Amino acid sequence: MKLFHEILGPVELPDRLERIVSLAPNVTDALFALGVGERVLGRSAFCHRPAEALSLPVLASYTKTRTELLRSLKPDVVLLSTGIQRDQALRLKEEGFPVYALPLPLSPYGILENLSTLGHLLDLEERASELAHQLAERYGRLKGRFDLKVYFEMDLGGPITVGRGSYIAQALLHLGLRPIFLDVPQAYFPPDLEEVKRRKPDLFLYEPKPWGRNPLEKARALARERGWDLPVVATDGDELAHYGPMFFAFLEKLADRVAETLGQG
């Protein structure tokens, strides 16, 4: 098949993609959700969902690739994301690999759009359409569950919050959890913690690094250190930051935790 990619330019791939390497966690999640996990030959170090993917060989980090091992697998396609992986995708294409990069979503509907794109690439359009429809219905049922201002923070080696143009901010807004920095025209940025206090959020929503222990206790400790007297909710790590199909289940779990914290559960 012949395609044109807005970053990679002309791309030519086999009509049937049997040997797939996924170097992006969202793509790995989507491939297994579409039922083609058996075609995936390798992953990145960050592709830890679903659990079945953990048995695959690790071929890359987000930005570096073990090119000789990758070449030995003779992939029909190497799938990545754009954003931080943009240069990696371009480099792999220059080295002769069949590459396709899915865009970073600007809203949760972008996650569904990426499913549709994979359905086209894999000749699974009906399956991808049905999965996207199911996820969209689940997302729709979450609309307007709350009416609160929230401060959201991710631990990415330091605090990062969200402003305008982030799919996370759009998802929170959909739930009725209005991010306090939605007026800032930047998707992700380090927050001014004094400004957080001035904006008077109703809730502190915290996402730790993955595999950390006691995320809620850590979030409460951060709130105490900063002098914030706020209800606190924590994810289990790398959940809202994960923009594969599992994102919608993580969002449902978050909504339940917020409701429980507010005594609405």
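In this chain, residues are counted from 1 in sequence order. Below, each value reflects all heavy atoms present in this structure, side chains not excepted, and no hydrogens, waters or symmetry copies. This one's a predicted model, so the numbers in the text were calculated from it and none came from an experiment.
The CG atom of Asp202 sits 8.5 Å away from atom CG of Asp147, with the distance rounded to the nearest 0.5 Å. Here the CG-NZ distance, from Leu182 to Lys149, works out to 12.5 Å after rounding to the nearest 0.5 Å. The line from CZ of Arg226 to NZ of Lys197 is 10.5 Å long, rounded to the nearest 0.5 Å. The OG1 atom of Thr117 sits 10.0 Å away from the CG atom of Leu3 when rounded to the nearest 0.5 Å.
Close placement of the Phe181 and Phe189 rings is indicated, their centers lying within 6.0 Å of each other. Aromatic pair Tyr151/Tyr206: ring centres not closer than 6.0 Å.
Among Val40, Val99, Leu73, the single residue meeting the side chain to side chain contact (heavy atoms under 4.5 Å, CB included) criterion with Val21 is Leu73. The salt bridge (Lys or Arg N to Asp or Glu O under 4.0 Å) test with Asp183 is passed by exactly one of Arg199, Arg178, Arg164: Arg199.
Looking only at side-chain heavy atoms (C-beta outward), Glu252 and Leu142 come within less than 4.5 Å of each other. With contacts defined as side-chain heavy-atom distances shorter than 4.5 Å, the pair Ile20/Asp76 does not qualify. Between Glu217 and Arg220 the shortest side-chain heavy-atom distance falls below 4.5 Å. Residues Val258 and Phe146 have side chains in contact (heavy-atom distance under 4.5 Å, counting atoms from C-beta outward).
Residues passing the side-chain hydrogen bond (donor to acceptor under 3.5 Å, both in side chains) test with Arg224, sequence neighbours excluded: none. Remark: Asp123 engages no residue in a side-chain contact (heavy atoms from CB on, under 4.5 Å) (not counting sequence neighbours).
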Donor-acceptor contacts, no H, no angles, side chain residues 100-115, under 3.5 Å, sequence neighbours left out:
unit_1, atom_1, unit_2, atom_2, d
Ser107, OG, Tyr109, N, 3.1
Asn114, ND2, Pro103, O, 3.0

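Side-chain contact check for His242 and Asp29: at least one donor-acceptor pair (N or O, by modelled atom type) lies under 3.5 Å. In summary, the side chains of Glu137 and Tyr139 do not present any donor paired with an acceptor at a separation below 3.5 Å, with no hydrogens or angles considered. A donor-acceptor contact closer than 3.5 angstrom links the side chains of Glu207 and Thr235.
Residues Leu240 and Leu175 fall within the same hydrophobic cluster, defined by Ile, Leu, Val, Met, Phe, Trp and Tyr side chains chained together at heavy-atom separations under 4.5 Å. A chain of hydrophobic side-chain contacts below 4.5 Å, direct or via other Ile, Leu, Val, Met, Phe, Trp or Tyr residues, connects Ile160 to Leu172. The cluster map of Ile, Leu, Val, Met, Phe, Trp and Tyr, joined by side-chain heavy atoms under 4.5 Å apart, puts Leu156 and Leu205 in the same cluster.
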- Task: Please step through side chain to side chain contact (heavy atoms under 4.5 Å, CB included) for the pair Asp236 and Arg257, ending with a clear verdict.
- Result: CA-CA 11 Å; Asp236 292 322; Arg257 288 187 178 179; 2.9 Å; yes
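Using a distance-only test at 3.5 Å, with no hydrogens or angles considered, a donor-acceptor pair links the side chain of Ser55 to the main chain of Glu52.
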